[in-house]
Undergrad: 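I have a structure here, written as structure tokens, and I will follow up with some questions on it.
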Amino acid sequence: MRLTREQVLHVATLCRIGLTEEEMERFQAQLSHILEQFEVLKEIDTTEVPPTSHSVALHSVMRPDEPHPPFPKEEVLRNAPRREGDFFRVPLVLEES
Amino acid sequence: MPPLYALTVHEAHTLLRRREISAVELTQAVLERIRRVEPLLNAFITVTEDLALQQAREADLRIAQGDIAPLTGIPMQIKDVIVTKGVRSTAGSRMLEDFIPIYDATVVERLRAQGAVLVGKGNMDEFAMGSSTENSAYGPTRNPWDLERVPGGSSGGSAAAVSAGECLFALGSDTGGSVRQPAALCGVTGLKPTYGLVSRYGLIAFASSLDQIGPMTRDVEDCALVLNAIAGHDPRDSTSIPVTPPDYTRALVEDVRGLRLGLPKEYFGEGIQPEVETAVKTAARLLETLGARVEECSLPLTRYALAVYYIIAPSECSANLTRYDGVKYGYSYQETDNMWEAMEKTRQYGFGAEVKRRIMLGTYALSAGYYDAYYLKAQKVRTLIRQEFEEAFRRFDALLTPTSPTVAFRLGEKTADPVAMYKSDICTIPVNIAGLPCISIPCGFADGLPIGMQVMARPLGEEVVLRVAYTYQQATSWHKRFPPL
């Protein structure tokens, strides 16, 4: 199956990856070729088969809710690309109405 | 005696314990070796020379007080996808070029508790996505056996470093073969433990249901020593299995009499280099002469594993890598006030081509209208593959297969064709899908390039894996060869 240009652009928007025109064309061809490899799975009847999400089935692992000292604020902010006081600084999130 | 940098962990430990060498001498020998061969190999993203010498001095103080663990004073390299407090950890990506972790991964904490010495961080395919280390943002690593060839990947820097004497052991991570395939291509020993045996806390996530950290060493005995240090339950990883692991050195028994070993025929034949097939079958015959019962068997679903993996791994990666948005850490595009543009440009410039390809592939596989056909379908086939292994392990104690379909390929040979590159993982992927323990050990050479053999067993069957591999290494010397650098 061959992905259309619109599908590639849609996926890129969903995962927020900017693409150049050249990347766009290359990914369209490459992703289509990779998806073709998946067709082989249609040979297998899986109607009665439950899915496996993890090879080791551990469910709802619980631990006591005990407070631990958090990482020091300075440490946490040390890798921040932009900070303002004790906060991560980001572009405007809410658009003005 | 071989040069200090070429010692195994257990040999070096004996010399340290007898005070015939100091940890500082050993570390200096390794650092000197790094200075000499690193310009050829590029197996490190960061070399931590000052830190290593400081840690070596601490180890010597410990040893002087009679306090020595198996890894005290032993120089190690850690793959750059495993975080190290205060030491830059890039995961091979431009996205994390300046990222300084604020905590140690659990495995690093445990190795440091024994007094192992960090000499640096291993080069790798970006975010562990690749089979040749050519996807590193810091340049490719070269194979110590032939500098025109790849070391395999994604833990190619770690395999090359162990092979060339730039450390005595390394930790890699294995999502679809990233410990075992480079171990095979560089002629070293690499173990992927059972999923959940080793904590993933501090392992920068790629595909969380498949990722597992494992030792890369010069022989099976070293593998057991490193596994002893890193295995065991960790409350900080909710997928960590709540078991107390055994002492794996007790599995180093030179005896395979009565063990039932299977040779799944799907791992031989078409697509497998003839010399690789011959080497693995010769190894199987050797184990047979040592008393194992070897029999051919069939795992017909093997041919579907590649498709299952390349749906599940990219799907999980597309979710895990959403965290790289330029806000809390990492590369951040700043030339705009628009939030969406900032995020798209951050990811456009911060990620390399293979990472973008997999994020997009996974996003597509999980998107509305395709989820059932791809992701859910792959998870169902995953169940069948697991069951097929369970069935096989009712008849066999372990299975023997090639690790890689070919010996090391040339740099650039597969970079233009992602599917060709993905196919270098055909022998390693099924094990991750089923969560099994599996080791790769050297079992021969073709044209001067190492060949690797896998030994796999049922979940938590590390002891069988180690026993078979140990017995084989006691009877052979492939693992003792050193690249002519």
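Model, not experiment: these values are computed from the prediction. Per chain, numbering begins at 1; letters A, B, ... match sequence-line order.
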Undergrad: Given that the side chain runs from C-beta out, which part of B:Ala305 has a heavy atom under 4.5 Å from chain A: side chain, backbone, both or neither?
TA: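 Neither part.
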Undergrad: Tell me which of these, B:Leu384, B:Leu376, B:Ile312, has more heavy-atom pairs under 4.5 Å with chain A than the rest.
TA: B:Leu384
Undergrad: Any heavy-atom pair between the side chains of B:Lys380 and A:Ile44 that's under 4.5 Å?
TA: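 The answer is no, as the side chains (C-beta and beyond) never meet within the 4.5 Å cut-off.
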Undergrad: When heavy-atom pairs shorter than 4.5 Å are enumerated against chain B, which of A:Pro91, A:Pro72, A:Pro51 gives the highest number?
TA: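 Highest number of heavy-atom pairs under 4.5 Å: A:Pro51.
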Undergrad: How long is the gap from CD1 on B:Ile102 to CG on A:Leu77, to the nearest 0.5 Å?
TA: 9.5 Å
Undergrad: Donor-acceptor pair, distance only, cut-off 3.5 Å: does the side chain of B:Thr383 make one with the backbone of A:Pro50?
TA: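 A pair under 3.5 Å: yes.
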Undergrad: Quick check for you: to the nearest 0.5 Å, what is the distance between A:Thr52 atom OG1 and B:Gln387 atom CD?
TA: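 So the gap between those two atoms works out to 7.5 Å.
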Undergrad: Can you tell me which portion of A:Val49 sits under 4.5 Å from chain B's heavy atoms? Options are side chain, backbone, both or neither.
TA: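 Contact with chain B involves both backbone and side-chain atoms of A:Val49.
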Undergrad: With a 4.5 Å cut-off on side-chain heavy atoms, are A:Leu92 and B:Asp337 touching?
TA: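 With C-beta onward as the side chain, the pair stays apart.
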Undergrad: Checking B:Arg94 now: which residues fulfil side-chain hydrogen bond (donor to acceptor under 3.5 Å, both in side chains) with it, not counting sequence neighbours?
TA: none
Undergrad: Just so I understand: if I count every heavy-atom pair under 4.5 Å between each of A:Ile34, A:Leu14, A:Leu41, A:Val40 and chain B, which residue has the most?
TA: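 Ranked by heavy-atom pairs under 4.5 Å with chain B, first place is A:Leu41.
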Undergrad: Which heavy atom in A:His54 sits nearest to a heavy atom in B:Ser208, and how many Å separate them?
TA: NE2-O, 4.1 Å
Undergrad: Is any side-chain heavy atom of B:Leu361 less than 4.5 Å from a side-chain heavy atom of A:Leu35?
TA: yes
Undergrad: How close do B:Gly326 and A:Pro81 get, counting heavy atoms only, and between which atoms?
TA: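 Shortest heavy-atom contact: O-CG, 3.4 Å.
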Undergrad: Given heavy-atom pairs under 4.5 angstrom as the criterion, report whether the side chain, backbone, both or neither of B:Ala342 touches chain A.
TA: side chain
Undergrad: Is there a donor-acceptor contact under 3.5 Å from the side chain of B:Lys356 to the main chain of A:Gly18?
TA: no
Undergrad: So, taking the atom named CG in B:Leu306 and the one named CD in A:Gln37, what distance separates them when rounded to the nearest 0.5 Å?
TA: 8.0 Å
Undergrad: Return the option, out of B:Tyr310, B:Trp340, B:Tyr329, B:Tyr349, with the maximum number of heavy-atom pairs under 4.5 Å with chain A.
TA: B:Trp340
Undergrad: When you measure from the side chain of A:Arg16 to the backbone of B:Thr346, do you find a donor-acceptor pair of N or O atoms at a distance under 3.5 Å?
TA: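 No, A:Arg16 side chain to B:Thr346 backbone: no donor-acceptor pair under 3.5 Å.
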Undergrad: By a 4.5 Å heavy-atom criterion (distance strictly below it), what part of B:Tyr422 contacts chain A: side chain, backbone, both, or neither?
TA: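 For B:Tyr422, the contact with chain A is made by the side chain alone.
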Undergrad: Considering residues at least two apart in sequence or located in another chain, which fulfil the ring-ring contact (aromatic ring centres under 6.0 Å, His included) criterion with B:Phe389?
TA: none
Undergrad: Is there a side-chain contact between B:Gln348 and A:Thr20 in this structure, where contact means two heavy atoms from C-beta onward sitting under 4.5 Å apart?
TA: yes
Undergrad: Looking only at the side chains, is there a donor atom on one of A:Glu43 and B:Tyr304 sitting less than 3.5 Å from an acceptor on the other?
TA: yes
Undergrad: May I ask you to name which of B:Val327, B:Ile359, B:Asp417, B:Ile385 has the most heavy-atom pairs under 4.5 Å with chain A?
TA: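 Ranked by heavy-atom pairs under 4.5 Å with chain A, first place is B:Val327.
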Undergrad: Roughly how far, to the nearest 0.5 Å, is OG of B:Ser367 from CD of A:Gln7?
TA: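 Between A:Gln7 CD and B:Ser367 OG, I get 8.5 Å after rounding to 0.5 Å.
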Undergrad: Flag the one option from A:Glu23, A:Lys42, A:Arg63, A:Arg89 with the top tally of heavy-atom pairs under 4.5 Å to chain B.
TA: A:Glu23
Undergrad: Side chain, backbone, both or neither: which part of A:Val90 has a heavy atom under 4.5 Å from chain B?
TA: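 A:Val90 touches chain B through side-chain heavy atoms alone.
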Undergrad: Between B:Pro418, B:Gly196, B:Gly435, which has the largest tally of heavy atom pairs under 4.5 Å with chain A?
TA: B:Pro418
Undergrad: Measure the shortest side-chain to side-chain distance between A:Ile17 and B:Thr363 over non-hydrogen atoms and say whether it is less than 4.5 angstrom.
TA: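 Answer no - side chains too far apart.
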Undergrad: Please state whether the side chain, the backbone, both or neither of B:Arg357 comes within less than 4.5 Å of a heavy atom of chain A.
TA: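 For B:Arg357, the contact with chain A is made by backbone and side chain together.
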Undergrad: Give a yes or no on whether the backbone of B:Ile100 and the side-chain of A:Asn79 come within a donor-acceptor separation of less than 3.5 Å.
TA: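 Side chain of A:Asn79 to backbone of B:Ile100: a pair is present.
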Undergrad: Take atom NE2 in A:His10; do more than 12 heavy atoms of anything else shown fall under 6.0 Å from it?
TA: no
Undergrad: Determine the option with the most heavy-atom pairs under 4.5 angstrom with chain A, choosing from B:Lys377, B:Lys328, B:Arg303, B:Glu341.
TA: B:Lys328
Undergrad: CD/A:Gln28 to CE/B:Met360 distance, rounded to the nearest 0.5 angstrom?
TA: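 Answer for the CD-CE pair, A:Gln28 versus B:Met360, is 10.0 Å.
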Undergrad: Distance check, rounded to the nearest 0.5 Å: A:Cys15 atom SG versus B:Arg358 atom CZ?
TA: 14.5 Å
Undergrad: Determine yes or no for a side-chain-to-main-chain donor-acceptor pair under 3.5 angstrom, with A:Thr46 supplying the side chain and B:Val381 the backbone.
TA: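 No; judged by distance alone, with no hydrogens or angles, the pair does not exist.
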Undergrad: Are side-chain N/O atoms of B:Ser332 and A:Arg82 paired as donor and acceptor at under 3.5 Å?
TA: no
Undergrad: Do the rings of B:Tyr374 and A:Phe38 sit parallel, tilted or perpendicular, given the 30° and 60° boundaries?
TA: perpendicular
